[in-house]
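It should be emphasised that the depicted structure is a prediction, and the values quoted were computed from it without experimental measurement. A, B, ... follow the sequence lines: proteins, then strands. Residue 1 opens every chain.
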2 protein chains.
Amino acid sequence: MVTLKQLAKELNVSISTVSKALNNSEEIGEDTVKRVKELAELYNYTPNKVALSLKQNKTRTIGVIIPNILNHFLAKVLFGIEKEATNLGYNIITCISNESLEKEKESLMLLANGSVDGFILSVAEETQIKNEIDHFKKTISRGLPIVMFDRVAHDVLCDKVIVDDFDATYNATKDLLLENRKNIAFVSNINDLSVGKLRERGYAKAILEDNSQAPLILNIKKKDDHQKKIKSFLKKNKMVDAIIAADSSSGIIAINTAVNLGFKVPKDMSVIGFASKADSNHSTPRLTTIRQHAKVIGANAAQMLIDRLQKMHLNEDVKTKIVRTSFIKSKSTLK
Amino acid sequence: MVTLKQLAKELNVSISTVSKALNNSEEIGEDTVKRVKELAELYNYTPNKVALSLKQNKTRTIGVIIPNILNHFLAKVLFGIEKEATNLGYNIITCISNESLEKEKESLMLLANGSVDGFILSVAEETQIKNEIDHFKKTISRGLPIVMFDRVAHDVLCDKVIVDDFDATYNATKDLLLENRKNIAFVSNINDLSVGKLRERGYAKAILEDNSQAPLILNIKKKDDHQKKIKSFLKKNKMVDAIIAADSSSGIIAINTAVNLGFKVPKDMSVIGFASKADSNHSTPRLTTIRQHAKVIGANAAQMLIDRLQKMHLNEDVKTKIVRTSFIKSKSTLK
DNA sequence: TTGAAAGCGCTAACAT
DNA sequence: ATGTTAGCGCTTTCAA
């Protein structure tokens, strides 16, 4: 990499002249500016980012901590973050907590050494189970703002971007009730997560309000055989005529399993699930889905963080933004 | 962030003494070391990463450029890269090229300003179509090594990690021939990519060697309705009794569509596809898959790059590592 | 055993 | 209009 020093030497001027010329300072003479710019162009000069960061005490880099990059929703949020951050002139350093509290802490510590200006993260499963929040608070008190999305720690005072999980599931369940379904089950693979619990509660509320049926819930663990669990559940609970799925796989598997067991979907069995467009292609008929607009969530998180960084209203009140889901009717439910 | 300067002031010693003490230099007296370390501990001192990078002219950061983070395979490679990089003490800055040549170039340029020590990337679709490689060569000549994985540019001299796409598809096709399949079709959603072409060739070779059937290929474009295309293909080509799918969705959709059309899988229709474990759960019966060990690919890429960075054998010969696929038999093929 | 000073690449206040 | 200098935080050589 060519430096200001080298340019200055070659041009027989001082370093600061070169610097000013490149930064279009009024102070420098026209022809000097021209000479400098030409040589800089020739040598493909770019200001050293590290030196700038050191000088200005900010990196224009955001630390992003994702619990699981293989989760399609989280990957899509990351996509949204990256895109928005790039647009606003920021880079992102990505860490994957792998749902582990320890790794989450480590990532936070490791990047809080000047590598990044702030964080965007979704809380790891283990962290939610153990309900630890000290590492977040410590990071914020060190002057590094955090924006949390989707899985948030409610007791940490910071900006948040969340989904209307409760309402979305409540409304979806209501829809099934309007289809006159008599035994609506709830299937989830994410019972440990805050969002999983919210979705379950939304479902339960709608069911309990109906007064004619009781909640029927199947919680599947990560290590379980997903297909088998759903199959035996359907065999055991023969009267089930509708399913709400809290995660993207359960809905798909439910449809495919039901079809295989001889149910007509949606006639005998109506299915709604949280899923992306790509997922919804994986069942026949296509899954009626609750879409989470992951990209929008990511973009919002990036905006909120960068906004805070630039204004450095660190004392300004924190905001919580709710990104509403969309309900996309397809062929796995009646219309 | 607390700095050496602040510690020095508080301890009434010089900055260099503090620095040496913290780095366990022999020069410094025992008690001084102790005093310094205690205060550093108290204040949670960590060396400023940016200052270190500037001083040492290396960042211990890798730029990763991924064409599409929503592709499960690529996401998994990223997972592997992140894990291995973290283990070896490196951070990763992630850019998403979104299959665009322009964005790929930009990312390369933007990070080649001292932000990273080298790159790991998979070539964007547009770049492969236009066959552009100048930006890669330029980056390497600026002293930033590149490791390419999966979709590589063969004419760029750099380390590479690839999959045995040709052999894997060839062997899988052979397997179907051994099942005595008479009309084996090839379905692909990734015809534009180098790996897509390799897979098609592996299939075609096996078919042509058989001498009793001709290649039958369905290329689906990104904008097509995936389900519809496969359905009409199966309706039009009624004699098809086996399918090789080049991408993860086509195999799943093929099975579900076939079942819906009344085929018995695997009796009437045998299906093999490149897919991950998670994907293979999305069909009933489960898809017999060619697994790509994405995590291993990522880990290998990280190792190769970091190895080169640390030895800085920049002139050393470049290596190409082939990570072999596994063939996982499931219920969508006969045994 | 400790400290002073230089330098990584850059900007900006302050000379000239 | 151009140059000198200091300083961001750190390591390291050289001097005391």
Trainee: Using the C1' atoms of five pairs at each end, what's the angle between the two axes of the helix from dT1(C)-dA16(D) to dT16(C)-dA1(D), to 10 degrees?
Mentor: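 What I find for the helix from dT1(C)-dA16(D) to dT16(C)-dA1(D) is an axis angle of 60°.
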
Trainee: Name the first nucleotide and the last nucleotide along DNA chain C (5' to 3') that come under 4.0 Å of a heavy atom in chain B.
Mentor: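 Span of nucleotides near chain B: dT1(C) to dG9(C).
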
Trainee: So Ser19(B), base contact, sugar-phosphate only, or nothing? Heavy-atom distance under 4.0 Å.
Mentor: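 Since a base atom lies under 4.0 Å of Ser19(B), the category is base.
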
Trainee: Reading DNA chain D from 5' onward, which residue's closest nucleotide shows up sooner: Val13(A) or Val2(B)?
Mentor: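 That would be Val13(A).
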
Trainee: Quick check: do Leu42(B) and Glu38(B) have side-chain heavy atoms less than 4.5 Å from each other?
Mentor: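 A side-chain contact under 4.5 Å is absent here.
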
Trainee: Describe the nucleic acid contact of Val50(B) in one word from base, sugar-phosphate, nothing, applying a heavy-atom distance below 4.0 Å.
Mentor: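 No contact.
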
Trainee: Evaluate Glu125(A) against Leu193(A) for side chain to side chain contact (heavy atoms under 4.5 Å, CB included), listing each step before the verdict.
Mentor: CA-CA 6 Å; Glu125(A) 187 168 350; Leu193(A) 301 179; 3.8 Å; yes

Trainee: At their closest point, which heavy atom of Ser122(B) faces which heavy atom of Glu104(B), and how far apart are they?
Mentor: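 Answer, listing the atom of Ser122(B) first, then Glu104(B): O-OE2, 4.1 Å.
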
Trainee: Here's a test of your reading of the structure: between Ala51(B) and Asn12(B), which maps to the more 5' nucleotide of DNA chain C?
Mentor: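 Counting from the 5' end, the first nearest nucleotide belongs to Asn12(B).
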
Trainee: Could you state the NZ-C1' distance from Lys20(B) to dT12(D), rounded to the nearest angstrom?
Mentor: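 Answer to the nearest Å: 7 Å.
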
Trainee: So for atom CD1, which belongs to Ile129(B), do other residues, nucleotides or ligands contribute more than 12 heavy atoms lying within a distance under 6.0 Å?
Mentor: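 Enclosed: over 12 neighbouring heavy atoms sit under 6.0 Å from CD1 of Ile129(B).
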
Trainee: Need one value for Asn48(A): base, sugar-phosphate or nothing, where a base atom within 4.0 Å counts as base even if backbone is also close, heavy atoms only.
Mentor: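 Sugar-phosphate: the residue Asn48(A), judged by heavy atoms under 4.0 Å, touches backbone atoms but no base.
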
Trainee: Within less than 4.0 Å of OP1 or OP2 of dT4(D), is there a side-chain N or O belonging to Ser14(A)?
Mentor: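 Indeed not, no polar side-chain atom of Ser14(A) lies that close.
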
Trainee: Without decimals, in angstroms, what is the distance between Lys9(A) NZ and dG3(D) C1'?
Mentor: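 Spelled out: NZ on Lys9(A) to C1' on dG3(D) is 18 Å.
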
Trainee: Compare the minimum distances between each of dG9(D), dT13(D), dG3(D) and the side chain of Thr17(A), then state the nucleotide with the smallest one.
Mentor: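 So the side chain of Thr17(A) is nearest to dG3(D).
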
Trainee: Can a donor-acceptor pair be found between the side chains of Tyr43(B) and Glu10(B) at a distance below 3.5 Å?
Mentor: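 Indeed, the side chains of Tyr43(B) and Glu10(B) share at least one donor-acceptor pair under 3.5 Å.
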
Trainee: If you compare all heavy atoms of Pro67(B) against all heavy atoms of Leu74(B), which two are closest, and at what distance to 0.1 Å?
Mentor: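 The pair with the smallest heavy-atom distance is CD-CD1, 3.9 Å.
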
Trainee: Does any part of the side chain of Glu82(B), heavy atoms only, come nearer than 4.5 Å to the side chain of Val64(B), both counted from C-beta?
Mentor: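 Not touching, per the 4.5 Å side-chain cut-off.
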
Trainee: Heavy-atom contacts under 4.0 Å between residues 21-33 of chain A and DNA chain D, which residues?
Mentor: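 Contacting residues: Glu27(A), Ile28(A), Gly29(A), Thr32(A).
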
Trainee: Could you state the atom-to-atom distance from CG of Leu54(A) to P of dT11(D) in whole Å?
Mentor: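 My rounded result for the distance is 12 Å.
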
Trainee: Not counting sequence neighbours, list each pair that qualifies as a salt bridge (charged side-chain N to carboxylate O under 4.0 Å, His left out) and has a residue in residues 132-155 of chain B.
Mentor: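 For residues 132-155 of chain B, and leaving out neighbouring residues, the salt bridge (charged side-chain N to carboxylate O under 4.0 Å, His left out) pairs sorted by first residue read Glu99(B)-Arg151(B), Lys105(B)-Glu132(B).
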
Trainee: Is any side-chain heavy atom of Val156(A) less than 4.5 Å from a side-chain heavy atom of Ile146(A)?
Mentor: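 The answer is no; the side chains never approach within 4.5 Å.
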
Trainee: Establish whether the base of dG9(D) is bridged to the side chain of Lys55(A) by a donor-acceptor pair shorter than 3.5 Å.
Mentor: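 Looking at the base of dG9(D), it does not pair with any donor or acceptor on the side chain of Lys55(A) (distance under 3.5 Å).
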
Trainee: Calculate the interatomic distance between Gln6(B) atom CD and dC10(D) atom P; express it in whole Å.
Mentor: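 Atom-to-atom, Gln6(B) to dC10(D), this comes out as 9 Å.
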
Trainee: Among Val318(A), Asp117(A), Leu309(A), Ile140(A), which residue satisfies the side-chain contact (heavy atoms from CB on, under 4.5 Å) criterion with Pro145(A)?
Mentor: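 That would be Leu309(A); it is the only one of Val318(A), Asp117(A), Leu309(A), Ile140(A) passing the side-chain contact (heavy atoms from CB on, under 4.5 Å) with Pro145(A).
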
Trainee: Would you mind classifying the nucleic acid contact of Lys5(A) as base, sugar-phosphate or nothing, using non-hydrogen atoms under 4.0 angstrom?
Mentor: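 Since only primed, P, OP1 and OP2 atoms lie under 4.0 Å of Lys5(A), the category is sugar-phosphate.
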
Trainee: When rounded to the nearest 0.5 angstrom, what is the spacing between CD1 in Ile297(B) and NZ in Lys295(B)?
Mentor: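 Rounded to the nearest 0.5 Å, the CD1-NZ separation comes to 12.5 Å.
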
Trainee: Distance criterion of 3.5 Å, no angle test: do you see the side chain of Ser16(A) paired donor-to-acceptor with the base of dT4(D)?
Mentor: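 Per atom types, the contact qualifies.
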
Trainee: Could you walk me through whether Asp159(B) and Asp307(B) satisfy the side chain to side chain contact (heavy atoms under 4.5 Å, CB included) test, starting with their C-alpha distance in whole Å, then the side-chain angles of each, then the deciding distance to 0.1 Å, before giving a yes or no?
Mentor: CA-CA 11 Å; Asp159(B) 290 324; Asp307(B) 193 59; over 6 Å; no

Trainee: As an exercise, state the distance from OG1 of Thr139(B) to CG of Leu144(B), rounded to the nearest 0.5 Å.
Mentor: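 Result: 7.0 Å between the selected atoms.
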
Trainee: Does anything in residues 37-46 of chain B come within less than 4.0 Å of DNA chain C? Heavy atoms only, and list the residues if so.
Mentor: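 Output list: empty, so none.
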
Trainee: Return the set of residues passing side-chain contact (heavy atoms from CB on, under 4.5 Å) with Ser115(A) (not counting sequence neighbours), or none when no residue passes.
Mentor: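 Partners of Ser115(A) by the side-chain contact (heavy atoms from CB on, under 4.5 Å) criterion, ordered by chain and then number, come out as Leu111(A), Asn113(A), Lys49(B).
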
